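Following: one structure in structure tokens, then a few remarks.
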Number of protein chains: 2
Amino acid sequence: MAQSIQRAINLIRLVAEHPLTLSEAADVLGVHKSTALRILQTLEAARFVRKTGAGTYVFGSGLIELSELALGSMDLRQFASAHLRVLQRQTGHTVHLAQLAGDEIVYVDKVDSPAFDAVKLPSRIGRAVSIYASAVGKVILAHLSQEERDRLLSHVTFERYTSTTFADRESLDAELTRVAERGWAIDDGEHDAYVMCVAAPIRDSRGQVIAAVSLTAIEVIASLDQLKEKLPLLLETSALISQELGFTPESSPAPSAS
Amino acid sequence: MAQSIQRAINLIRLVAEHPLTLSEAADVLGVHKSTALRILQTLEAARFVRKTGAGTYVFGSGLIELSELALGSMDLRQFASAHLRVLQRQTGHTVHLAQLAGDEIVYVDKVDSPAFDAVKLPSRIGRAVSIYASAVGKVILAHLSQEERDRLLSHVTFERYTSTTFADRESLDAELTRVAERGWAIDDGEHDAYVMCVAAPIRDSRGQVIAAVSLTAIEVIASLDQLKEKLPLLLETSALISQELGFTPESSPAPSAS
DNA sequence: AGCTACATTGCAATATACGCAACGCAAGGA
DNA sequence: TCCTTGCGTTGCGTATATTGCAATGTAGCT
């Protein structure tokens with residue numbers, strides 16, 4: 001489709017795995033050395049790769065800087081990081097930090113159980129999450145203004161992933177009302193039947209909900225009820241992160257008890 | 001130099017900052033829409049960008065996954081992360097985690113002071129550090145085998161950045177002996193005259209030094225002596241991280257007191 | 001020194017990526 | 001309802017940017 005760009009992408013992939021000399025690069029791509037050189041020089045100018053003293057090409061910092069730029073508010077990650085790790089230890093479950101970015105909700109951090117035999121969830125930093133079939137999505141959606149909510153949902157085509165999915169606007173709105181009232185959301189296998197979550201919102205200094213923390217477990221490991229037992233810890237974590245972002249609880253209406 | 005690749009890189013940069021429609025992308029690049037489309041499709045196939053429901057292109061997870069792949073042992077970062085953040089709080093100084101990657105030493109994590117008025121150091125995750133003119137470089141070098149040390153230094157061309165730089169192999173070797181004896185290294189403005197560091201080694205389960213933690217401050221903020229006062233905290237941190245990696249202290253010879 | 005293996009440059013050929021124009025499609029207004 | 005407008009998408013001929021070659025430069029090794 002775009003040969004030279006494809007070659008450049010392949011080269012980046014190779015370099016990310018393992019340092020490469022020019023000749024190796026040319027061999028692997030199946031092109032002449034001069035061709036490989038020109039691609040690498042272009043990538044080098046963008047700092048996507050870097051030339052070492054030994055003459056090999058290695059991964060450059062440009063890509064990492066881009067990732068951080070795209071994940072946006074590094075502030076949020078920096079502030080949240082330590083708290084997420086504490087929460088992981090306290091609960092033993094996988095912790096996610098998701099953020100509203102443009103029209104989507106994207107994972108910006110993830111803390112797995114460090115145990116080697118632990119189940120690694122397929123979620124990945126940088127990936128978008130379903131906005132209506134996830135605990136983080138629902139808890140963020142529930143705390144946005146009506147206009148914002150409409151905007152985010154206007155392009156969505158609802159899909160019933162499992163029997164518990166809220167697959168139409170009416171039932172979703174009813175669920176979001178419940179979520180807004182109690183201040184946290186669950187995911188009862190709404191996207192993947194065996195994946196359970198609880199999520200709590202994170203607010204910035206203006207009191208706006210801009211992100212969410214969640215605890216995730218597959219049902220064999222922990223039932224939804226078992227996850228809910230960790231709610232106090234989860235809510236404490238989200239409150240601490242909000243505080244770090246400059247949020248002062250008294251400046252906003254308290255969630256009504258339901 | 002490689003026009004289409006350059007255009008692709010520009011597009012990635014734009015998309016990382018802010019979602020883009022096809023027409024906008026074409027306008028900004030100054031090319032026809034069909035050209036922009038083909039570039040975006042290629043990038044999309046590599047998951048470097050992703051198409052949202054609304055038809056805009058946004059940053060894809062492919063780049064982030066690449067970054068994580070390249071930063072290698074996510075294990076180290078996961079294990080170290082919480083400890084680095086604690087150390088930052090305890091000391092108030094910038095904390096770096098640097099790792100031996102191939103022939104070079106690369107920053108894999110960094111924790112700045114969260115204060116808004118704090119000086120942000122120009123170091124960046126993913127960037128290579130001078131191997132002989134940095135505290136992390138020296139402390140890693142000092143604990144490698146002679147062959148490894150020779151290999152890493154064989155391609156180096158020494159440069160006297162400041163008056164304190166160890167700019168030749170003999171004086172560097174003498175310094176490395178001192179570092180190995182006491183188990184930690186300093187950087188007395190050896191690369192940038194006003195930047196001070198102390199660094200301690202991190203060992204994996206085999207007892208091999210594979211990384212280092214450091215505390216950094218510019219001289220106006222803290223003198224080298226003030227940094228040294230934090231040494232107990234630094235050494236505690238590096239010991240804790242090493243333990244998490246499976247290192248058992250008794251299995252290795254204790255550093256001799258100097 | 002001479003050899004080998006590598007990176008780099010200049011240049012001509014052509015494959016490749018480009019712009020154009022036509023098409024498809026959806027949203028909004030008359 | 002139909003027309004208009006603005007978007008993304010496809011096919012195609014052309015020209016330009018990219019390629020491979022061959023020659024040159026450079027460094028490490030015997």
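Please read all numbers here as calculations on a predicted model, not as lab measurements. In what follows, chains carry the letters A, B, and so on, assigned in the order in which the sequence lines appear, proteins first and then strands, with residues in each chain numbered from 1. In what follows, every heavy atom counts, from backbone to side chain, and hydrogens, waters and symmetry copies are set aside.
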Compare side-chain N and O positions of B:Thr35 against OP1 and OP2 of C:dA17 and report whether any pair is under 4.0 Å apart.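 Answer no for this pair, as no side-chain N or O of B:Thr35 is under 4.0 Å from OP1 or OP2.
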Give a yes/no on whether any side-chain N or O of B:Ser4 is located under 4.0 angstrom from OP1 or OP2 of D:dT18.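 Affirmative; the distance criterion is met.
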Are B:Tyr132 and B:Phe158 an aromatic pair by the rule of ring centers under 6.0 Å?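 Distance test on ring centres: under 6.0 Å, yes.
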Nearest whole Å is fine: how far is [N] [atom2] from [X] [atom1]?
X: B:Glu44; N: D:dT9; atom1: CD; atom2: P; result: 9 Å
X: A:Leu37; N: D:dG20; atom1: CG; atom2: C1'; result: 13 Å
X: B:Ile5; N: C:dC18; atom1: CD1; atom2: P; result: 11 Å
X: B:Asp27; N: D:dG8; atom1: CG; atom2: C1'; result: 14 Å
X: A:Arg38; N: D:dC21; atom1: CZ; atom2: P; result: 12 Å
X: B:Leu43; N: C:dA17; atom1: CG; atom2: C1'; result: 15 Å
X: B:Leu22; N: C:dG19; atom1: CG; atom2: P; result: 12 Å
X: A:Leu40; N: C:dT9; atom1: CG; atom2: P; result: 14 Å

Please determine whether salt bridge (Lys or Arg N to Asp or Glu O under 4.0 Å) holds for the pair A:Arg149 and A:Asp173, giving the CA-CA distance in whole Å, both sets of side-chain angles, and the decisive distance to 0.1 Å. CA-CA 10 Å; A:Arg149 189 191 291 188; A:Asp173 274 331; 3.1 Å; yes
Which residue lies toward the 5' end of DNA chain C, B:His32 or A:Tyr57, if each is placed at its nearest nucleotide?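 By nearest-heavy-atom nucleotide position, the 5'-most residue is A:Tyr57.
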Starting at the 5' end of DNA chain C, which residue's closest nucleotide do you reach first, B:Arg7 or A:Lys33?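 The answer here is A:Lys33.
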Just compare [options] and give me whichever is closest to any side-chain atom of [X].
X: A:Gln3; options: C:dC20, D:dC21, C:dA17; result: C:dA17
X: A:Lys51; options: C:dT8, D:dG20, D:dT10; result: C:dT8
X: A:Ser23; options: D:dT10, C:dC18, C:dC6; result: C:dC6

Between the base of C:dC18 and the side chain of B:Ser34, is there a donor and acceptor pair under 3.5 angstrom?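 Between C:dC18 and B:Ser34, which were checked side chain against base, a qualifying N/O pair under 3.5 Å is absent.
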Any side-chain donor near an acceptor of the partner, A:Thr52 and A:Thr56, under 3.5 Å: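 Present: a donor and an acceptor within the cut-off.
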Would you compute the distance between atom CD1 of B:Ile202 and atom CD1 of B:Ile241 and round it to the nearest 0.5 angstrom?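 Those atoms lie 4.0 Å apart.
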Below 4.5 Å, heavy atoms only, C-beta onward: do B:Leu97 and B:Leu76 meet side chain to side chain?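 Yes, close enough: below the 4.5 Å cut-off.
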